[in-house]
Amino acid sequence: MVGRITKGASIRGVLEYNAGKVLNGEAFVLYGNLVLGDCEQSDTFDMRRALLSFQPYLDTRKIKDPVFHVSLNPAITDCLTDAQLAEIAREYMERMGFGDQPYYVFKHRDIDREHIHIVSVRIDEYGRKLDHNFERRRSVDALQSIERR
């Protein structure tokens with residue numbers, strides 16, 4: 001499994017990207033952690049609720065690039081169920097130190113293989129930036145551990 005992390009300043013931008021995929025039938029909401037509303041396995045996405053879910057973390061923070069967005073791409077030969085993908089997302093976020101953060105997991109079907117996108121924030125509920133040192137290395141380690149299991 002390959003993970004591609006991007007960071008950014010706008011939660012709206014990354015949510016709009018994924019919402020567009022949902023609207024076009026190329027993705028659906030697989031799971032939501034600590035977000036407003038019931039969104040497990042939904043083919044609709046409520047942008048207003050999503051923004052409200054992240055607002056307490058982003059309101060007045062002066063932290064550069066507070067948005068965490070990762071694409072996790074299984075091998076094309078992997079046949080993973082939605083439940084397995086949701087569990088992979090939960091374990092990945094725990095291992096990355098984001099388990100107690102609000103985040104959305106989107107399952108994308110817009111290319112020749114299904115993959116997931118996870119959207120979260122790098123700021124905890126107290127306004128402190130989460131540890132991002134060696135983030136890419138930690139991601140590789142987490143994914144290798146998940147694959148072995």
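The structure displayed is predicted, hence computed values, not measured ones. These values consider heavy atoms only, across backbone and side chains, with no hydrogens, waters or symmetry-generated copies.
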Applying a strict under-4.5 Å side-chain criterion to I, L, V, M, F, W and Y, I'd like to know whether [X] and [Y] cluster together.
X	Y	value
Leu51	Val14	yes
Tyr57	Met47	yes
Leu36	Tyr103	no

Counting C-beta onward and ignoring hydrogens, is there a side-chain heavy-atom pair between [X] and [Y] closer than 4.5 Å?
X	Y	result
Arg137	Asp141	yes
Gln101	Leu130	yes
Ile63	Arg122	no

How close do [X] and [Y] get, heavy atom to heavy atom, and via which atoms?
X	Y	result
Ser10	Gly13	OG-N, 3.0 Å
Ala50	Tyr104	CA-OH, 3.3 Å
Val67	Ala9	CG2-C, 4.0 Å
Pro102	Ser120	O-OG, 2.8 Å
Ile11	Val119	CD1-CG1, 3.7 Å
Arg95	Ser145	NH2-OG, 3.0 Å

Heavy atoms from other residues, nucleotides or ligands near CG of Asp131 exceed 12 (cutoff 6.0 Å)
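It does: Asp131 CG has more than 12 such atoms within range.
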Going through the distances and angles, do Arg149 and Glu87 end up as a salt bridge (charged side-chain N to carboxylate O under 4.0 Å, His left out)?
CA-CA 12 Å; Arg149 186 182 47 79; Glu87 181 55 33; 5.1 Å; no
Salt bridge (Lys or Arg N to Asp or Glu O under 4.0 Å) involving Asp78 - partner list, sequence neighbours excluded:
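So Asp78 forms no salt bridge (Lys or Arg N to Asp or Glu O under 4.0 Å) with any residue.
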Going from [atom1] on [X] to [atom2] on [Y], what distance comes out if it is rounded to the nearest 0.5 angstrom?
X	Y	atom1	atom2	result
Leu85	Arg90	CG	CZ	10.5 Å
Arg12	Phe54	CZ	CZ	13.0 Å
Glu114	Leu80	CD	CG	9.0 Å
Met93	Ile118	CE	CD1	5.5 Å
Phe106	Phe45	CZ	CZ	4.0 Å
Tyr92	Leu72	OH	CG	5.5 Å

Using modelled atom types and a 3.5 Å cut-off, is there a donor and acceptor pairing between side-chain atoms of [X] and backbone atoms of [Y]?
X	Y	result
Lys129	Lys64	yes
Asn33	Gly99	yes
Arg109	Phe28	no
Ser71	Arg4	no
Ser139	Glu135	no

Listed partners of His69 passing ring pair (Phe, Tyr, Trp, His ring centres under 6.0 Å), at least two apart:
His117
What residues form a ring pair (Phe, Tyr, Trp, His ring centres under 6.0 Å) with Phe98, not counting sequence neighbours?
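Partners of Phe98 by the ring pair (Phe, Tyr, Trp, His ring centres under 6.0 Å) criterion, ordered by chain and then number, come out as Phe68.
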Between Arg138 and Met96, does the side-chain contact (heavy atoms from CB on, under 4.5 Å) criterion hold? Intermediate values first, please.
CA-CA 7 Å; Arg138 288 193 338 254; Met96 291 296 292; 4.0 Å; yes
Where does the angle between the aromatic ring planes of His108 and His115 fall among parallel (under 30°), tilted (30 to 60°) and perpendicular (over 60°)?
tilted
Hey, are Arg113 and Asn73 close enough side-chain-wise for a donor-acceptor pair under 3.5 Å?
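Yes, Arg113 and Asn73 have a side-chain donor paired with an acceptor closer than 3.5 Å.
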